[in-house]
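Computation of the quantities below employed the complete heavy-atom set of this structure, encompassing side-chain atoms and omitting hydrogens, waters and symmetry-equivalent molecules. Treat the numbers as computed from the prediction; the structure is a model and nothing was measured.
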Amino acid sequence: MKTSLYMKTIFGKIAIVSLFLISLNACKKDTLTEQFASVQVLMTYPNINGQYSIKNMTAKLTETNSGTENTVALTDLNGTILSAELPYGTYIVSLEGDVAITENGQSKNYKLKGYQANIIINSAMVSAPVSLFLSDPSAKFVFKEIFFTGTVTPENKSYNGDKYFILYNNSTDTLYADGLILAQSKFLTTTKYDYKPDVMNEAFTTDDIIMLPGSGKDYPVAPGKQLVIANNAINHKEINSNSVDLSQADFEIELIGSINIDNPAVPNTISLSGSMLMHNRGFTSYVLVQLPEGKQPQQWLDDNQYTYSYLAANGREMKVDAYKIDNSYIMDAVNLSVEQGFAWIVTAPNLDMGWTYCGRNSSDATRYGKSVSRKTLSSTNGGILFLQDTNNSAEDFNPESVLSL
């Protein structure tokens, strides 16, 4: 979910902050061979309108090869530098705190976050800049579950027609699903190139885009209710006993002709680009989009075509046509990948600063019949669930989940 608050980078006063590092690695270090570095994380704060106060700011530094995590408590909330002694390695830095903002007499709580991957610590002194951003914890529609792996038949043959998305109204108001857009990333989370132009901090690159039908208020969704968007909205159990019944889905995706099975009782999504063939190993990412009122989809597409380039492994320059979706239109994002192959997240970190998975590597057959499902944060007295949405799929989702349908 993307905050609507505009942010400009400013530099505040610099103060060295004393930190308390809590090592989560229980093993003893060999102090004779292990090398440590003095690390400074240079935080750049966004411009915040109104009066504000920050509390509970912490940082988690994860060494990607060993998985060792160090938690950092920030004691001076006005500081812009975190100082720590860390072993040599490659790190991911995640920062998060609470910020209460009061403007024009109105107060609202936000999260203040930061994310930076691939920080290489291999010398005595290392500086790592991290830009902080605001995150609005109030939610609208979110991805509740994504089933992208498909199933296998009793004969152990791959079966892919039964994939689905579940969208969930995570607010306290009735929302309308008319015109919601789902898009799959053009970039893979397992392959990283130096794409030019680099638009990731402003936009999401895609060429698989579908839209839900409706004229504005045809598809109301009450708080705590969900929508199922199926590949093929049929009872797949009649073909594959290991599969699911999607005949009661709310929408179905119109796939390419060779694998499309139409259920005339279920409304089709509208294909704006591509065919939304979900990657069954989870190498892509997905976003949920709401266009501004009055913006026409086709004109929006025409206005947001672009060509990016990169150098392939053989040194050849590749040019690719795609579409870019302004990050400000994205209400939810989920990055998917596999542990043995993850290269990067393919969204701006203020949309999603982590990733979730089914299967540990690209050939892991245990992934079939599993999904990623969002965790529950709390519930009301009436039993309506509030799902966790911190814009970090590593924290928000249960990987390798049992299918809910």
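Listed by chain and number, the residues in a side chain to side chain contact (heavy atoms under 4.5 Å, CB included) with Lys217 are Tyr176 (sequence neighbours excluded). With sequence neighbours excluded, no residue satisfies ring pair (Phe, Tyr, Trp, His ring centres under 6.0 Å) with Phe204. Considering only residues two or more places apart in sequence or on other chains, Lys370 meets the salt bridge (Lys or Arg N to Asp or Glu O under 4.0 Å) condition with none of them.
Looking at Gln226, its side chain never comes within 3.5 Å of a backbone N or O of Leu167 through a donor-acceptor pair. A donor-acceptor pair under 3.5 Å is formed between the side chain of Lys375 and the backbone N or O of Glu395. Of the possible polar contacts, none joining the Asp364 side chain to the Gly359 backbone as a donor-acceptor pair under 3.5 Å is found. For Ser271 (side chain) and Ser275 (main-chain N/O), no donor-acceptor pair under 3.5 Å exists by modelled atom type. The main-chain N or O of Ala322 is never found under 3.5 Å from a side-chain atom of Asp207 such that the two would form a donor-acceptor pair. Distance alone, capped at 3.5 Å, places no donor-acceptor pair between the Asn361 side chain and the Gln340 backbone. A donor-acceptor pair under 3.5 Å links the side-chain atoms of Asp326 to the main chain of Ser328, judged by distance alone. In terms of modelled atom types and a separation under 3.5 Å, the side chain of Asn304 and the main chain of Tyr323 share no donor-acceptor contact. Using a distance-only test at 3.5 Å, with no hydrogens or angles considered, a donor-acceptor pair links the side chain of Asp332 to the main chain of Phe143. Looking only at distances, no side-chain donor or acceptor of Gln296 sits under 3.5 Å from a matching main-chain atom of Gln298.
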Please tabulate, for side-chain N and O atoms in residues 88-100, each donor-acceptor pair with protein atoms closer than 3.5 Å (sequence neighbours left out).
residue : atom : partner : partner atom : Å
Tyr91   : OH   : Pro87   : O            : 2.8
Asp98   : OD1  : Lys111  : NZ           : 2.6
Asp98   : OD2  : Asn56   : ND2          : 2.9

Run the side-chain donor-acceptor check on residues 283-295: report pairs under 3.5 Å with partners two or more places apart or on a different chain.
residue : atom : partner : partner atom : Å
Thr284  : OG1  : Gln184  : OE1          : 3.0
Ser285  : OG   : Asn335  : OD1          : 2.6
Tyr286  : OH   : Gln184  : OE1          : 2.6

Return all side-chain donor-acceptor pairs below 3.5 angstrom for residues 190-203, not counting sequence neighbours, or 'none' if the list is empty.
residue : atom : partner : partner atom : Å
Asp198  : OD1  : Met200  : N            : 3.3

TODO: Mind running side chain to side chain contact (heavy atoms under 4.5 Å, CB included) on Val346 and Leu188 for me, showing each step along the way?
DONE: CA-CA 7 Å; Val346 294; Leu188 301 181; over 6 Å; no
Open item on the list: Working note: Ser404 + Ile166, criterion side chain to side chain contact (heavy atoms under 4.5 Å, CB included); need CA distance, chi angles, decisive distance, verdict.
Closed with: CA-CA 10 Å; Ser404 66; Ile166 297 182; 3.5 Å; yes
TODO: Mind running side-chain hydrogen bond (donor to acceptor under 3.5 Å, both in side chains) on Asp352 and Ser393 for me, showing each step along the way?
DONE: CA-CA 6 Å; Asp352 189 11; Ser393 291; 2.7 Å; yes
- [ ] List the steps, then state whether side chain to side chain contact (heavy atoms under 4.5 Å, CB included) holds for Leu112 with Tyr45.
- [x] CA-CA 9 Å; Leu112 189 62; Tyr45 286 80; 3.8 Å; yes
- [ ] Would you please test Asn169 and Lys225 for side chain to side chain contact (heavy atoms under 4.5 Å, CB included) and show each step?
- [x] CA-CA 6 Å; Asn169 181 354; Lys225 298 300 182 181; 5.5 Å; no
TODO: Give the C-alpha distance, both sets of side-chain angles, the deciding distance and a yes or no for side-chain hydrogen bond (donor to acceptor under 3.5 Å, both in side chains) between Ser371 and Glu145.
DONE: CA-CA 7 Å; Ser371 68; Glu145 184 179 359; 2.8 Å; yes
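Within the 4.5 Å cutoff, side-chain heavy atoms of Phe251 are placed close to those of Pro213. Val266 has its side chain out of reach of Asp250: every pair of non-hydrogen atoms, C-beta onward, lies at least 4.5 Å apart. With contacts defined as side-chain heavy-atom distances shorter than 4.5 Å, the pair Ile229/Leu182 qualifies. Side-chain contact check for Asn327 versus Ile325: every heavy-atom pair is 4.5 Å or farther apart. Between Thr174 and Pro223 the shortest side-chain heavy-atom distance falls below 4.5 Å. The closest side-chain heavy-atom distance from Leu385 to Tyr168 is below 4.5 Å. Side-chain atoms of Asn398 and Arg374, non-hydrogen and from C-beta on, never get closer than 4.5 Å to each other. Counting heavy atoms from C-beta outward, Ile81 and Ser83 have side chains that approach closer than 4.5 Å.
Tyr159 pairs in a side chain to side chain contact (heavy atoms under 4.5 Å, CB included) with only one of the listed residues (Val152, Thr151, Asn242), which is Thr151. With Tyr306 as reference, Thr205 is the one residue of Val320, Asp321, Thr205 to meet the side chain to side chain contact (heavy atoms under 4.5 Å, CB included) rule. The side chain to side chain contact (heavy atoms under 4.5 Å, CB included) test with Ile259 singles out one residue from Asn160, Leu277, Asn231, and that residue is Leu277.
What you find for Thr149 and Cys358 is that their closest heavy atoms are CG2-CB, 3.7 Å. Listed here is the closest heavy atom pair of Lys237 and Ser243: NZ-O, 3.1 Å. Contact between Met211 and Gly179 at its shortest, heavy atoms only, is CG-O, 3.6 Å. Taking every heavy atom of both residues into account, Trp355 and Ile345 meet most closely at CD1-CG2, 4.2 Å. Taking all atoms of both residues into account, the shortest heavy-atom contact from Leu246 to Asp162 is CD1-O, 3.5 Å. Closest approach of Leu82 and Ala59 over heavy atoms only: CD1-CB, 3.9 Å.
Taken to the nearest 0.5 Å, the NE2 atom of His236 stands 11.0 Å off from the OH atom of Tyr164. Here Asn118 contributes atom CG and Thr64 contributes atom OG1; the two are 7.0 Å apart, rounded to the nearest 0.5 Å. Atoms CD1 and OG1, from Ile181 and Thr269 in turn, are 11.5 Å apart once rounded to the nearest 0.5 Å. Within the model, atoms OG1 of Thr347 and CE of Met353 stand 10.5 Å from one another, a figure rounded to the nearest 0.5 Å. The CD atom of Glu400 sits 11.0 Å away from atom CZ of Arg367, with the distance rounded to the nearest 0.5 Å. Interatomic distance, CE of Met276 versus CE of Met278, reported as 8.0 Å (0.5 Å rounding).
Side-chain contact, Ser215 with Asp218: a donor N or O sits under 3.5 Å from an acceptor N or O. There is no side-chain donor-acceptor pair under 3.5 Å between Ser171 and Asp173.
For the pair Lys163 and Phe148, the cation-pi criterion (under 6.0 Å, within 45° of the ring axis) is not fulfilled.
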